Amino acid sequence: QVQLVESGGGLVQAGGSLRLSCAASGRTISSYAMGWFRQAPGKEREFVAGVSRSGGSIYYVDSVRGRFTISRDNAKNTVYLQMNSLKPEDTAVYYCAGDQARMISTRPDYWGQGTQVTVSS
């Protein structure tokens, strides 16, 4: 069992940046593919970014590619999401997720509690 705790959310103006962190405990994240999802009000939760268990494969949803960067630090048992050039449509609750598969799936095994990101225009 792994526990995931997100931090780093907040209110930022359009064009600004935030870095989300996801600290894991219970087990080492080196055993898991890791990812970030988000859910905006009235919308379904969507995949944002994922990194494979090995770290060799990284994927982004088209709407954030070139602006967001996912990274993992296995030594710190932490996953990050650097978000630059933020837009109002990025406003959502962001969730960290861990998956025992090689790559993050649409139904990860573990979820964090979420952190709110609000981008003002």
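Just so it is clear, the structure is predicted and the values come from calculations on it, not from any experiment.
The backbone N or O of Cys22 lies less than 3.5 Å from no partner atom in the side chain of Asn77, so there is not a single donor-acceptor pair. Looking at Ser54, its side chain never comes within 3.5 Å of a backbone N or O of Ser52 through a donor-acceptor pair. In terms of modelled atom types and a separation under 3.5 Å, the side chain of Gln100 and the main chain of Asp109 share no donor-acceptor contact. Of the possible polar contacts, none joining the Arg72 side chain to the Gly35 backbone as a donor-acceptor pair under 3.5 Å is found.
The heavy-atom pair separating Asp73 from Ile29 by the smallest distance is O-CD1, 4.2 Å. When every heavy atom of Ala92 is checked against every heavy atom of Ala40, the shortest pair comes out as CB-N, 3.8 Å. Between Ala101 and Ala33, the shortest heavy-atom distance links the atoms O-CB, 3.5 Å. Residues Ser21 and Thr78 approach most closely at CB-CG2, 4.3 Å, considering heavy atoms. In terms of heavy-atom proximity, Ala24 sits nearest to Val2 at CB-CG2, 3.9 Å. Among all heavy-atom pairs drawn from Ser57 and Arg102, the shortest one is OG-NH1, 4.1 Å.
A 6.0 Å sphere centred on CZ of Arg65 holds more than 12 heavy atoms belonging to other residues, nucleotides or ligands.
Between Asp99 and Ser105, the side chains place a donor N or O and an acceptor N or O closer than 3.5 Å (distance only, hydrogens not considered). With 3.5 Å as the limit, one finds a donor-acceptor pair spanning the side chains of Thr118 and Gln116.
Cation-pi contact between Arg19 and Tyr80: present, with separation from the ring centre below 6.0 Å and deviation from the ring axis of at most 45°. A cation-pi arrangement is absent between Arg53 and Tyr32, since the terminal nitrogen or guanidinium carbon is not both under 6.0 Å from the aromatic centre and inside a 45° cone about the axis.
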Quiz item: For Tyr110 and Gln1, what are the C-alpha separation, side-chain angles and deciding distance, and is it a side-chain contact (heavy atoms from CB on, under 4.5 Å)?
Solution: CA-CA 8 Å; Tyr110 303 104; Gln1 193 85 343; 3.5 Å; yes

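Note: Phe47 and Phe37 meet the aromatic proximity criterion, with ring centroids under 6.0 Å apart.
Side-chain contact check for Leu4 versus Met34: some heavy-atom pair is nearer than 4.5 Å. Annotation: side chain of Val117 is in contact with side chain of Leu20 (closest heavy-atom distance under 4.5 Å). Contact annotation: the side chain of Thr69 never approaches that of Leu81 to less than 4.5 Å [non-hydrogen atoms, C-beta and beyond].
By the rule that hydrophobic residues join a cluster once side-chain heavy atoms approach within less than 4.5 Å of another member, Trp111 and Met103 end up as members of one cluster.
Classification of the Tyr94-Phe68 ring pair by plane angle, with boundaries at 30° and 60°, yields tilted.
Remark: of the listed residues Val64, Ile70, Val51, Ile70 is the sole one forming a side chain to side chain contact (heavy atoms under 4.5 Å, CB included) with Trp36. The only option from Thr91, Asp90, Thr115 that meets the side chain to side chain donor-acceptor pair (under 3.5 Å) definition with Arg38 turns out to be Asp90.
Rounding to the nearest 0.5 angstrom, the gap separating the CD atom in Glu6 from the SG atom in Cys96 is 5.5 Å. Put simply, CD on Glu46 and OG on Ser63 are 5.5 Å apart, with the number rounded to the nearest 0.5 Å.
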